[in-house]
There are 2 protein chains.
Amino acid sequence: MSQLDEQAFSHIARYFQALAEPMRLKILNGLRDGEKNVTELVEISGGTQANVSKHLALLRDAKLIERDSRGTKAYYSISDQRIYELCNLVCGQIANQMSLDAAANEAFISALKIN
Amino acid sequence: MSQLDEQAFSHIARYFQALAEPMRLKILNGLRDGEKNVTELVEISGGTQANVSKHLALLRDAKLIERDSRGTKAYYSISDQRIYELCNLVCGQIANQMSLDAAANEAFISALKIN
DNA sequence: TTTCTATATAACTATATAGTAATGTAACAT
DNA sequence: ATGTTACATTACTATATAGTTATATAGAAA
């Protein structure tokens with residue numbers, strides 16, 4: 001396995017890692033319909049301000065979101081809408097795996113559709 | 001945010017978590033062209049037997065792979081080929097983000113295309 | 001049986017990171 | 001200048017997990 005391959009796998013892994021946290025998925029879901037400032041994201045996510053700020057910094061590091069500072073507020077937005085394609089693919093696979101009764105399954109699938 | 005949403009985000013996060021490790025991506029990549037036994041995966045991945053076994057158990061828990069025991073060997077295979085769609089989506093986004101010179105960029109993109 | 005091979009697991013260490021509490025900082029308002 | 005609001009950061013704790021070493025188990029072969 002070449003050095004480049006090693007690097008490539010690490011890159012991909014880091015990208016998935018950024019998506020591997022419920023709070024971060026909530027934040028990304030909150031940004032689905034456009035930019036929001038930190039206070040709004042705190043309300044939506046139900047997290048604390050400090051924790052949301054930390055997750056936002058991490059998501060920004062991973063280049064999943066962008067920051068726009070306006071006045072005393074900081075507006076965050078999704079860098080690449082294809083993130084939601086990823087999530088929906090995963091949702092499809094998870095829904096596939098689940099063996100719930102029909103009603104529960106339908107509810108779960110629609111809950112999984114985060115975009 | 002409903003209880004179901006919380007559960008949904010956790011499910012999705014756990015799925016991404018399984019993909020968020022270079023060694024596991026190597027293993028999945030090794031399974032791209034069909035089932036392989038543990039010894040083969042150890043060789044391909046360059047990991048130790050114990051470590052590869054642990055990652056295989058985790059991937060199996062996440063229902064990304066399946067195990068078929070034949071004689072003294074254990075053959076693993078991908079449960080859902082759509083995993084590679086996920087990886088390619090990520091690869092596309094990472095390649096997009098990278099600002100390398102043309103040659104390096106091309107090499108990296110092709111290295112990223114793990115299927 | 002004994003032995004060998006293939007795989008799994010347990011115990012351990014080291015590292016990463018999620019969450020919290022407290023503090024820092026920058027822009028705006030008064 | 002002072003206060004206030006919005007956000008970021010630091011220091012800390014707790015937990016999860018990657019990797020290693022050593023051991024367990026199970027099937028095949030002798």
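Only heavy atoms go into these numbers, but all of them, side chains included; no hydrogens, no water, no symmetry mates. Residue numbers begin at 1 in each chain, while the letters A, B, ... track the order of the sequences.
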Calculate the interatomic distance between [X] atom [atom1] and [N] atom [atom2]; express it in whole Å.
| X | N | atom1 | atom2 | result |
| --- | --- | --- | --- | --- |
| Leu56(A) | dA8(D) | CG | C1' | 11 Å |
| Lys36(A) | dA6(D) | NZ | C1' | 18 Å |
| Glu40(B) | dT5(C) | CD | P | 17 Å |

Please classify the nucleic acid contact of [X] as base, sugar-phosphate, or nothing, using heavy-atom distances under 4.0 Å.
| X | value |
| --- | --- |
| Thr39(B) | sugar-phosphate |
| Arg67(A) | sugar-phosphate |
| Arg60(A) | nothing |
| Tyr75(A) | nothing |

### Message
On the nucleotide dA8(D), are OP1 or OP2 found under 4.0 Å from the side-chain N or O atoms that Tyr76(A) carries?
### Response
yes

Per-nt protein contacts along nucleotides 13-27 of chain D (heavy atom under 4.0 Å; B base, S backbone sugar-phosphate only, - none) come out as -----BBBBB----S

Once side chain to side chain contact (heavy atoms under 4.5 Å, CB included) is applied, do any residues pair with [X], and if so which ones, sequence neighbours excluded?
| X | result |
| --- | --- |
| Ser53(A) | Val38(A), Gln49(A) |
| Asn37(B) | Thr39(B), Glu40(B), Lys73(B), Tyr75(B) |
| Gln93(B) | Tyr15(A), Asp80(A), Arg82(A), Ile83(A), Leu86(A), Leu89(B) |

Given the options Arg24(B), Glu21(B), Gln17(B), Leu58(B) meets side chain to side chain contact (heavy atoms under 4.5 Å, CB included) only with Arg24(B)

The side chain to side chain donor-acceptor pair (under 3.5 Å) partners of Asp61(A) (sequence neighbours excluded) come to none

Contacts of Lys36(B) meeting salt bridge (Lys or Arg N to Asp or Glu O under 4.0 Å) (sequence neighbours excluded), chain-then-number -> Asp33(B)

